[in-house]
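A quick write-up on the structure given underneath.
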Amino acid sequence: MADWRDQKYIDVFDGTLNGLERRRAVDPAFSIEDVENQLVHLYVLDGNDWLGRGALGDIISEATIAAYELFIEEWKIEKGGKNGC
């Protein structure tokens, strides 16, 4: 059985990815640029850990960022290339 940390990572990653996919499916104005801007914000939040998030907060941050990065990469590939060309 997976450690609680592994299970939490999987749950957050899957939930985040599913949420992004649902939004893309229902919101025609949603763009790669929107997701990239949100990802920049997540990077800033991840770096602002001066109070200490703890293990759970780190797992949530890492999984969320990983899901955003994968979503962007797959969307760009779908559009015709890594750079969205």
Side-chain angles (χ1 to χ4, degrees):
M1 182 170 167
D3 174 270
W4 70 267
R5 291 169 196 85
D6 295 334
Q7 189 59 53
K8 185 63 177 178
Y9 184 97
I10 291 166
D11 292 346
V12 171
F13 181 89
D14 289 346
T16 301
L17 197 55
N18 289 335
L20 288 166
E21 290 168 350
R22 276 192 308 274
R23 179 155 181 214
R24 181 178 176 203
V26 300
D27 183 355
F30 189 54
S31 69
I32 291 175
E33 292 77 24
D34 293 330
V35 184
E36 289 172 331
N37 289 334
Q38 292 170 352
L39 180 58
V40 168
H41 179 70
L42 290 170
Y43 287 144
V44 170
L45 289 176
D46 188 55
N48 289 339
D49 186 24
W50 61 277
L51 290 176
R53 279 184 290 271
L56 181 59
D58 288 342
I59 291 165
I60 291 169
S61 181
E62 291 168 13
T64 302
I65 288 171
Y68 270 75
E69 290 172 338
L70 178 63
F71 183 78
I72 291 167
E73 182 177 338
E74 288 180 345
W75 196 350
K76 286 182 176 181
I77 289 169
E78 180 184 313
K79 286 182 74 171
K82 194 157 181 116
N83 296 324
C85 301

Discussion item. Could you see if V40 belongs to whatever hydrophobic cluster contains Y68? Use Ile, Leu, Val, Met, Phe, Trp, Tyr and a side-chain cutoff under 4.5 Å.
Written reply: no
Worksheet item: Is there a donor-acceptor contact under 3.5 Å from the side chain of S61 to the main chain of G57?
Response: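 Not confirmed, S61 side chain does not pair with G57 backbone.
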Worksheet item: Would you say the side-chain atoms of R53 pair up with the backbone N or O of D46, donor to acceptor, closer than 3.5 Å?
Response: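 Yes: the side chain of R53 pairs with the backbone of D46.
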Practice prompt. Among residues two or more places apart or on two chains, list those pairs meeting salt bridge (Lys or Arg N to Asp or Glu O under 4.0 Å) that have a residue in residues 59-68.
Written response: none
Discussion item. Any carboxylate oxygen within less than 4.0 angstrom of a Lys/Arg side-chain nitrogen, looking at E74 and K79?
Written reply: no
Practice prompt. Heavy atoms only: give me the nearest A67-L20 pair and the separation to one decimal.
Written response: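 Closest heavy-atom pair between A67 and L20: O-CD1, 4.3 Å.
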Fill in: Contact summary for W75 and R24, nearest pair of heavy atoms
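Minimum heavy-atom separation between W75 and R24: NE1-NH2, 2.8 Å.
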Would you tabulate the side-chain donor-acceptor contacts of residues 26-33 under 3.5 Å, counting partners in other chains and residues two or more places apart, or write 'none'?
residue : atom : partner : partner atom : Å
D27     : OD1  : A29     : N            : 3.0
D27     : OD2  : R23     : NE           : 3.4
S31     : OG   : E33     : N            : 3.4
S31     : OG   : E33     : OE1          : 3.2
S31     : OG   : D34     : N            : 3.2
S31     : OG   : D34     : OD2          : 3.3

[X] [atom1] to [Y] [atom2] distance, which is reported to the nearest 0.5 Å:
| X | Y | atom1 | atom2 | result |
| --- | --- | --- | --- | --- |
| I72 | Q38 | CD1 | CD | 8.5 Å |
| I60 | K8 | CD1 | NZ | 5.0 Å |
| L42 | N37 | CG | CG | 11.0 Å |
| I59 | Q7 | CD1 | CD | 11.0 Å |
| T16 | L70 | OG1 | CG | 11.5 Å |

Fill in: For F13, all residues meeting ring-ring contact (aromatic ring centres under 6.0 Å, His included), sequence neighbours excluded
none
Fill in: Close side-chain approach of D14 to Y9, heavy-atom, < 4.5 Å
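With C-beta onward as the side chain, the pair stays apart.
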